[in-house]
Each structure stands twice: as C-alpha cells, then as structure tokens.
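Remember, it's a predicted structure, so these values are computed and weren't measured experimentally.
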Amino acid sequence: MNKALRQAVIAGNWKMNKTRPEAKALIEELKPMVANAKVGVVICVPFTNLETALEATKGSNIKVGAENCHWAKSGAFTGEISAPMLAEMGVEYVVLGHSERRQYFGETDVTVNRRVRAALDAGLKPIICVGETLEHREANITEMVVGVQTKAALEGVTAEELKNIIIAYEPVWAIGTGKTATAEQANEVCKYVRDVVAKLYSKEAADGLTIQYGGSMNAKNAAELVAQPDVDGGLIGGASLKAPDFTEIVRAACQG
Ligand code: 13P
C-alpha cells in the first residue's frame with residue numbers, strides 16, 4: 001500500500017485568529033488530546049503567536065508552522081518576515097501560496113516559487129497550497145490549473161528537497177464555504193498532483209510525498225476524506241480553532 005510510504009499530516013491553519021492568551025489556551029487544551037497521534041500534527045499560527053506556540057508545544061508532538069514568509073533573507077520590505085527569522089525561532093513549517101494570499105495579496109506562481117526557495121534554504125518545510133476556483137472547475141480546467149501551480153512552485157526544487165515539502169490541495173470554492181469536495185473529487189486531484197510530481201521527479205519521489213486535502217474539512221467529513229488512497233491528511237482552517245474538532249480529525253487520520 002503506497003500510503004505506508006509517506007506520513008499523513010494534519011495541519012491547522014489558524015489564519016488571522018487568536019490572541020496570545022487564546023493561542024496558549026487552545027494549545028494547552030489540544031496537547032493531551034493529540035499526544036498519542038500516529039500522524040504528524042502541525043499548527044500554523046499568526047506570526048504574533050509563534051513564540052507562544054513554540055513555548056507551549058515544547059516536549060509535545062505538536063509542530064509549529066508560520067502562515068507565510070518573504071523570499072528575501074532580509075532587507076527593506078516593511079511588514080514582511082523572512083524565512084531565516086522563522087527558522088531561528090525554531091519554527092519548522094511554513095504555509096506558502098495559500099489561496100487567500102493569491103486572492104487578496106497578489107501572490108503569483110512566481111512569488112510562491114521564490115518563497116519556497118527561501119524556505120528550503122532556511123531549513124523550513126513548506127506546505128505549498130494549490131487549488132482551482134469554481135470557474136476553473138466549471139470550465140473543466142482543474143487539472144491544468146493545479147498542474148501549472150504545482151510545477152511552478154517546485155521549479156528548481158531537487159528530489160532531495162522535495163522530501164521536506166508537503167503539498168496541500170485546497171479547492172478555492174471549498175475554503176470557508178462549508179462546501180467540501182467529495183472524497184472522490186479530493187482524491188482525484190491529489191492523485192493528479194502525485195502524477196505530476198512523478199513525471200517531474202520519479203515514482204518513488206511521488207509515492208513519498210505527503211499530499212493533503214484542505215477546504216471545509218471537519219470532524220464529520222474527515223474520516224472519508226483521509227481514507228482516500230492519495231489523501232495524506234489535511235490542512236484545516238475553521239475546525240483547527242476548536243480542540244475537540246481538530247482532535248477528531250487527527251483521530252480520523254490515524255485510522256485513515
Ligand atoms: P477551512 O477549513 O476553514 O475551509 O479552511 C481551509 C483552509 O484554507 C486551510 O488552509
């Protein structure tokens with residue numbers, strides 16, 4: 001079974017939520033609930049919560065990620081945070097190319113790739129988001145869009161570096177809308193991404209790549225999604241803000 005060749009990872013993407021005291025309370029609640037998880041557990045939190053999260057998760061199985069980073073190491077980029085700054089703190093993961101960044105902050109395939117490069121160079125593990133809009137899906141160009149995003153993001157990335165990358169398939173129409181892709185739709189596109197990676201690198205590299213689904217994944221629908229052969233966990237928005245819901249998704253992935 002190919003699923004045994006890779007690790008399932010459940011990652012929370014808190015987006016722009018939680019003050020520091022709220023973050024600490026959520027992590028303290030979550031820690032014992034996911035302590036025995038056989039899958040990777042990651043929380044990607046706002047920059048202001050990183051130190052709190054790193055402190056609160058010390059000695060636990062919960063890994064910490066940021067939600068973005070700039071491509072330059074340092075310099076005159078007011079308001080930005082660089083990959084070496086995150087790495088120095090002890091941050092392990094970074095979400096890159098999230099559709100909200102693409103939609104509201106002018107992120108393009110080119111800038112996503114530059115950020116991926118910077119993250120890898122700093123020793124961070126990128127969680128790269130790809131996904132089609134409803135217009136793309138209705139025009140039957142989902143595979144083309146997701147294929148282009150995947151290839152562009154991985155431009156210049158070696159097979160060795162690919163081992164530190166997670167790809168998250170997040171259909172834009174399913175994010176925060178309560179509309180989840182069906183398990184079949186999610187698997188179909190995750191499998192397509194794996195095929196693209198197999199062509200770019202090798203079957204072995206593709207078999208080892210963690211590919212998550214994201215978009216309105218919750219305690220109720222997680223089990224069916226993560227049981228799919230090409231879905232290796234999830235990137236969770238809203239449901240990651242409640243410890244019992246997030247835990248239920250982690251539990252589902254342990255069985256998936
Ligand atoms: P929701 O789970 O809130 O739909 O968000 C998904 C997402 O964008 C995770 O990155």
Side-chain angles (χ1 to χ4, degrees), residues 7-75 77-98 100-101 115-129 161 163-168 210 212 214 232-251 253-254:
Q7 197 202 21
V9 177
I10 297 295
N13 173 9
W14 287 11
K15 307 192 179 182
M16 195 172 72
N17 291 292
K18 304 286 177 192
T19 61
R20 288 183 305 166
E22 288 167 351
K24 184 161 167 45
L26 175 54
I27 294 166
E28 293 302 342
E29 189 185 354
L30 192 60
K31 262 196 299 191
M33 296 171 92
V34 299
N36 299 317
K38 294 196 305 285
V39 297
V41 180
V42 182
I43 51 170
C44 299
V45 305
F47 292 127
T48 48
N49 288 340
L50 285 171
E51 198 145 22
T52 303
L54 287 164
E55 188 60 34
T57 56
K58 236 180 229 164
S60 81
N61 61 326
I62 304 175
K63 304 283 178 26
V64 175
E67 298 177 13
N68 192 21
C69 72
H70 196 264
W71 55 80
K73 284 199 176 83
S74 62
F77 297 101
T78 303
E80 293 295 314
I81 303 285
S82 76
M85 287 173 175
L86 298 173
E88 185 278 330
M89 294 182 79
V91 170
E92 198 171 326
Y93 289 86
V94 61
V95 176
L96 294 173
H98 192 279
E100 286 148 16
R101 303 284 330 163
R115 291 176 208 267
V116 168
R117 186 68 264 150
L120 290 170
D121 287 345
L124 297 173
K125 297 174 180 164
I127 301 176
I128 302 172
C129 303
E161 288 170 333
K163 293 178 183 162
N164 287 324
I165 286 181
I166 292 176
I167 294 187
T210 299
Q212 301 170 320
D232 311 312
L235 185 55
I236 324 298
S240 72
L241 300 173
K242 292 188 192 118
D245 293 34
F246 191 65
T247 301
E248 195 48 44
I249 299 171
V250 169
R251 198 169 298 143
C254 290

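- Between Cys129 and Val95, some side-chain heavy-atom pair lies under the 4.5 Å cut-off.
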Extract all donor-acceptor atom pairs below 3.5 Å that involve side chains of residues 30-37 and protein atoms in other chains or at least two apart in sequence.
unit_1	atom_1	unit_2	atom_2	d
Lys31	NZ	Glu28	OE1	3.2
Lys31	NZ	Ala56	O	2.7

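- Between Ala8 and Val39, the closest heavy-atom pair is O-CB, 3.4 Å.
- Rounding to the nearest 0.5 Å places CZ of Phe246 at 9.5 Å from CH2 of Trp14.
- For the side chain to side chain contact (heavy atoms under 4.5 Å, CB included) test, residues two or more places apart in sequence or in another chain that qualify with Lys163 are Glu160.
- Atom-to-atom distance recorded for Leu120:CG and Glu161:CD is 5.0 Å, nearest 0.5 angstrom.
- At a threshold of 4.5 Å between non-hydrogen side-chain atoms, the residues Asp121 and Arg117 count as touching.
- Within a 6.0 Å sphere centred on CZ of Arg20, heavy atoms belonging to other residues, nucleotides or ligands number 12 at most.
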Do any side-chain atoms of residues 78-86 form donor-acceptor pairs under 3.5 angstrom with protein atoms, and if so which ones, sequence neighbours left out?
unit_1	atom_1	unit_2	atom_2	d
Ser82	OG	Lys73	O	3.0
Ser82	OG	Met85	N	3.3

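- Once rounded to the nearest 0.5 Å, the distance linking CD1 of Ile236 with SG of Cys44 reads 11.0 Å.
- Using a distance-only test at 3.5 Å, with no hydrogens or angles considered, a donor-acceptor pair links the side chain of Thr210 to the main chain of Gln7.
- Take Arg101 and apply the salt bridge (Lys or Arg N to Asp or Glu O under 4.0 Å) test, not counting sequence neighbours, and it matches no residue.
- A distance-only check finds no donor-acceptor pair linking the side chain of Gln212 to the backbone of Gly233 [under 3.5 Å].
- Considering CD1 of Ile10 and CD1 of Ile43, their distance stands at 14.0 Å, rounded to 0.5 Å.
- Of all the heavy atoms in Ile27 and Ala53, the pair that sits closest is CD1-CA, 3.6 Å.
- Of all the heavy atoms in Ala239 and Ile249, the pair that sits closest is CB-CD1, 3.9 Å.
- A salt bridge (Lys or Arg N to Asp or Glu O under 4.0 Å) check over residues 35-63, counting only residues at least two apart or in different chains, returns the pairs Glu55-Lys58.
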task: Determine, stepwise, if the pair Lys18 / Val45 fulfils side-chain contact (heavy atoms from CB on, under 4.5 Å).
output: CA-CA 9 Å; Lys18 304 286 177 192; Val45 305; over 6 Å; no
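- In this structure, Ile127 and Asn13 have side chains that are not in contact, with every pair of non-hydrogen atoms separated by 4.5 Å or more.
- To the nearest 0.5 Å, the span separating CG on Leu124 from SG on Cys69 amounts to 6.5 Å.
- Residues Asn68 and Phe47 share a closest heavy-atom pair of O-CZ, 3.2 Å.
- In plain terms, the two heavy atoms of Met16 and Glu67 that are nearest each other are N-OE1, 4.4 Å.
- By the 4.5 Å heavy-atom criterion applied to side chains, Ile166 and Asp232 are not counted as neighbours.
- Scanning all heavy atoms of the two residues, the minimum distance from Ser240 to Leu26 falls at O-CD2, 3.8 Å.
- Every residue two or more places apart in sequence or in another chain that forms a side-chain hydrogen bond (donor to acceptor under 3.5 Å, both in side chains) with Glu22 is listed here: Thr19.
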